[in-house]
Peer 1: 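Shown below is the structure under consideration.
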Amino acid sequence: MAVQPWFEDAKLGIFVHWGIYAVDGVQESWSFYDDIVPHDRYMSQLDRFTAARYDPRDWARLFARAGARYAVLTSRHHDGVALWDTAYGDLNVGRDLIAGYAEALREQGLKVGLYYSHSDWNHPDYASTRKPGRPPELEDNRYSEVAAEFEDLAAWERFLAYRDGQIRELTRRYRPDLMWFDGEWDRSEEQWRIPELAALIRSEVPDVVFNARMLSEGDYATPEQGAPVIPPEGPWELCLTINDSWGHQHHDHHHKSVDQLIRYFTETIGGGGNLLLSVGPREDGTITDEQARRLEGLGDWIARHAEAVYGTVRGLPPGHHYGPSTLSKDRRTLYLTLFDAPRAEINVRGLLNKVRRVSVLGSGTERPHQITGGLHETPGILWIAPPPAADLDPHATVLAVELEGELELYRGGGRF
């Protein structure tokens, strides 16, 4: 997968799930699809969605303080409700809520991402076909499919024309740097006409980045909520909620702590990925203090350790250091993250390089180090004296290990 260089350098993005579902605080789209909320009740939120206090510049300033380099806004979820005044389809919020968002992000130097669902469970022509090979014994959902004998391919063509019309509006008006697709599971790549859709978007925005839910045209992998134990090869992004919900749900106060978010973040970038952290604004457009404080806490830590974040690549494979790490792009400095106050020396295994210097990032305090053991091609273990208490970060401390030459690692099993 080839991807624009800015994407892998970004490290942190903000995922904004905002739509009519914030009015009653119900799950976005799925709540009516799964018959948890009656469809008419769900759709009644459209008349009560005000965006009365929406200030995209406030959002952009907050995202920049968090250390993010891009954001992704749900321009249209599976419920089909567009956040701009689209000329295609009957469902939109009656005004353009995307233009100000895009302008405000660019004022802060952030890249502009737009989420768009392939699926539209409210469009009259959407439930006109079904995914090829779908087992007939599986129950149909009336919002997304029909039985094979009732398929209407002309209706499906009308749906694709509607989809393409909206995509042209988004690309021509807002020139997104990233298009984040979803809902791909409902149909096959051939049914979605993914290559044609990608060509349409690139004709307007040639350097656009696609997530993997553009199937064969995707630029990077998109694990969701579950942090990968073995990071994907190539570029990737973990999309994660701050609490347990993507959009705003009034009852959900189960927020991850700043410590937990820093761990997610450092483990993700240490594995070569970006963290796309979701916030759910209220229906009036404001972001809760609980979520804002966590974004700012993460941003404060990133600002203190920016050298170990931006301009780095994935760090040591598991087993070399007990914690995440990153590596400078010139491959001459390792950054080791320590989550807990060390009670003993910190060790790195399998390092073939000589070490020039070890210091605490931020204070610059140099730490003594030594190597013990080693035989023939198997290197000894690097031992680093723990930082003094005054140099420990309250969330996570980072050591900079300056190497002689570019990083070389021993990955063998030793002498038998």
Side-chain angles (χ1 to χ4, degrees), residues 10 13-23 28-29 45-46 48-64 68-120 122-123 162-183 197 200-205 207-211 213-214 239 246-248 276-287:
I14 305 298
F15 207 175
V16 187
H17 278 75
W18 192 37
I20 66 170
Y21 37 84
V23 176
E28 56 287 337
S29 305
Q45 296 175 107
L46 180 57
R48 295 177 282 133
F49 180 78
T50 67
R53 299 173 61 195
Y54 171 48
D55 186 341
R57 286 185 170 84
D58 279 350
W59 285 11
R61 287 189 289 264
L62 174 61
F63 300 164
R69 296 293 174 86
Y70 66 108
V72 178
L73 172 65
T74 49
S75 70
R76 202 216 71 195
H77 209 268
H78 317 317
D79 60 14
V81 180
L83 291 189
W84 76 102
D85 51 342
T86 178
Y88 296 86
D90 298 325
L91 286 180
N92 66 82
V93 294
R95 56 179 163 137
D96 187 349
L97 299 177
I98 298 179
Y101 154 85
E103 181 180 355
L105 289 188
R106 290 182 170 125
E107 287 175 355
Q108 294 293 327
L110 278 63
K111 298 291 187 181
V112 174
L114 294 176
Y115 167 112
Y116 186 90
S117 175
H118 292 293
S119 308
D120 183 341
N122 262 315
H123 195 281
Y162 145 82
R163 186 266 324 257
D164 290 350
Q166 287 199 330
I167 290 294
R168 286 191 191 93
E169 288 179 331
L170 291 174
T171 53
R172 288 177 180 176
R173 289 192 195 182
Y174 314 116
R175 316 294 299 172
D177 302 289
L178 184 152
M179 287 291 295
W180 209 104
F181 283 91
D182 199 8
L197 177 60
L200 184 160
I201 296 169
R202 290 186 178 123
S203 71
E204 300 288 345
V205 193
D207 293 332
V208 70
V209 174
F210 294 135
N211 70 330
R213 299 173 197 192
M214 270 290 275
C239 49
W246 295 106
H248 178 66
L276 184 62
L277 191 58
S278 181
V279 298
R282 302 179 184 94
E283 67 84 19
D284 67 2
T286 57
I287 293 172

Peer 1: Roughly how far, to the nearest 0.5 Å, is the OG1 atom of T286 from the CG atom of D58?
Peer 2: 10.0 Å
Peer 1: Would you check if L197 and M214 make a side-chain contact, meaning some heavy-atom pair closer than 4.5 Å?
Peer 2: yes
Peer 1: Looking at every non-hydrogen atom in both residues, tell me the closest pair between Q166 and A82 and how far apart they are.
Peer 2: NE2-CB, 4.3 Å
Peer 1: Over 60° means perpendicular and under 30° means parallel, so classify the ring planes of W246 and F15, tilted if in between.
Peer 2: perpendicular
Peer 1: Atom CZ of R76 and atom CG of D182: how far apart are they, to the nearest 0.5 Å?
Peer 2: 10.5 Å
Peer 1: Using a 3.5 Å distance criterion without hydrogens, assess whether the side chain of S278 forms a donor-acceptor pair with backbone atoms of G247.
Peer 2: no
Peer 1: Of all heavy-atom pairs between S29 and H78, which one has the smallest distance, and what is that distance?
Peer 2: OG-N, 3.4 Å
Peer 1: Under the rule for salt bridge (Lys or Arg N to Asp or Glu O under 4.0 Å), what residues qualify as partners of D79, not counting sequence neighbours?
Peer 2: none
Peer 1: If we ignore hydrogens and angles and just use 3.5 Å, is the side chain of T171 paired with the main-chain N or O of I167 as donor and acceptor?
Peer 2: yes
Peer 1: Go through it in stages, so that I can follow the logic: the residues are E107 and R57, the test is salt bridge (Lys or Arg N to Asp or Glu O under 4.0 Å), and I'd like the CA-CA distance, side-chain angles, deciding distance and then a yes or no.
Peer 2: CA-CA 9 Å; E107 287 175 355; R57 286 185 170 84; 2.7 Å; yes
Peer 1: For N211 and F181, indicate whether the former's side chain and the latter's backbone hold a donor-acceptor pair under 3.5 Å.
Peer 2: yes
Peer 1: What heavy-atom pair brings V23 and Q45 nearest, and what distance separates the two atoms?
Peer 2: CG2-O, 3.7 Å
Peer 1: Please report the interatomic distance CG(L73) to CG(L97), rounded to the nearest 0.5 Å.
Peer 2: 8.5 Å
Peer 1: Any sub-3.5 Å donor-acceptor pair from E204's side-chain atoms to R168's backbone N or O?
Peer 2: no
Peer 1: Just how far is it from atom CG of L178 to atom CG of D207, taken to the nearest 0.5 Å?
Peer 2: 12.5 Å
Peer 1: Please check if atom CZ in R106 has more than 12 non-hydrogen atoms from other residues, nucleotides or ligands closer than 6.0 Å.
Peer 2: yes
Peer 1: Which heavy atom in P56 sits nearest to a heavy atom in A104, and how many Å separate them?
Peer 2: O-CB, 3.5 Å
Peer 1: Looking only at atom types and distance, does a side-chain atom of S75 sit under 3.5 Å from a main-chain N or O of Y115, one as donor and one as acceptor?
Peer 2: yes
Peer 1: Report yes if some heavy atom in the side chain of R175 is under 4.5 Å from a heavy atom in the side chain of V112; otherwise report no.
Peer 2: no
Peer 1: How many angstroms lie between CZ in R163 and OG in S117, if you round to the nearest 0.5 Å?
Peer 2: 11.0 Å
Peer 1: Using the test salt bridge (Lys or Arg N to Asp or Glu O under 4.0 Å), find all partners of R173 that sit at least two apart in sequence or belong to another chain.
Peer 2: D85, D96
Peer 1: Counting C-beta onward and ignoring hydrogens, is there a side-chain heavy-atom pair between V205 and P176 closer than 4.5 Å?
Peer 2: yes
Peer 1: Would you confirm whether H118, through its side chain, and R213, through its main-chain N or O, come within 3.5 Å as a donor-acceptor pair?
Peer 2: yes
Peer 1: Is there a side-chain hydrogen bond (donor to acceptor under 3.5 Å, both in side chains) between E169 and W84? Walk through the geometry before answering.
Peer 2: CA-CA 9 Å; E169 288 179 331; W84 76 102; 2.8 Å; yes
Peer 1: Looking only at heavy atoms, what is the nearest atom pair of F210 and I201, with distance?
Peer 2: CE2-CD1, 3.7 Å
Peer 1: Using 30° and 60° as the class limits, which term best fits the ring planes of W59 and Y101: parallel, tilted or perpendicular?
Peer 2: perpendicular
Peer 1: When you compare the side chain of Q108 with that of R61, does any pair of heavy atoms fall below 4.5 Å?
Peer 2: yes
Peer 1: Are R69 and D177 close enough for a salt bridge, meaning some N to O gap below 4.0 Å?
Peer 2: no
Peer 1: Run the side-chain contact (heavy atoms from CB on, under 4.5 Å) test on Y21 and T74 for me, step by step, so that the C-alpha distance in whole Å, both residues' side-chain angles and the decisive distance to 0.1 Å come before the verdict.
Peer 2: CA-CA 12 Å; Y21 37 84; T74 49; 3.5 Å; yes
Peer 1: Does the plane of the ring in W18 sit parallel, tilted or perpendicular to the ring in Y54? Use 30° and 60° as the thresholds.
Peer 2: tilted
Peer 1: Considering all heavy atoms of both residues, which atom of G19 and which atom of F49 are nearest to each other, and what is their separation?
Peer 2: O-CE1, 3.4 Å
Peer 1: Supply the atom-to-atom distance I287 CD1 to I14 CD1, rounded to the nearest 0.5 angstrom.
Peer 2: 8.5 Å
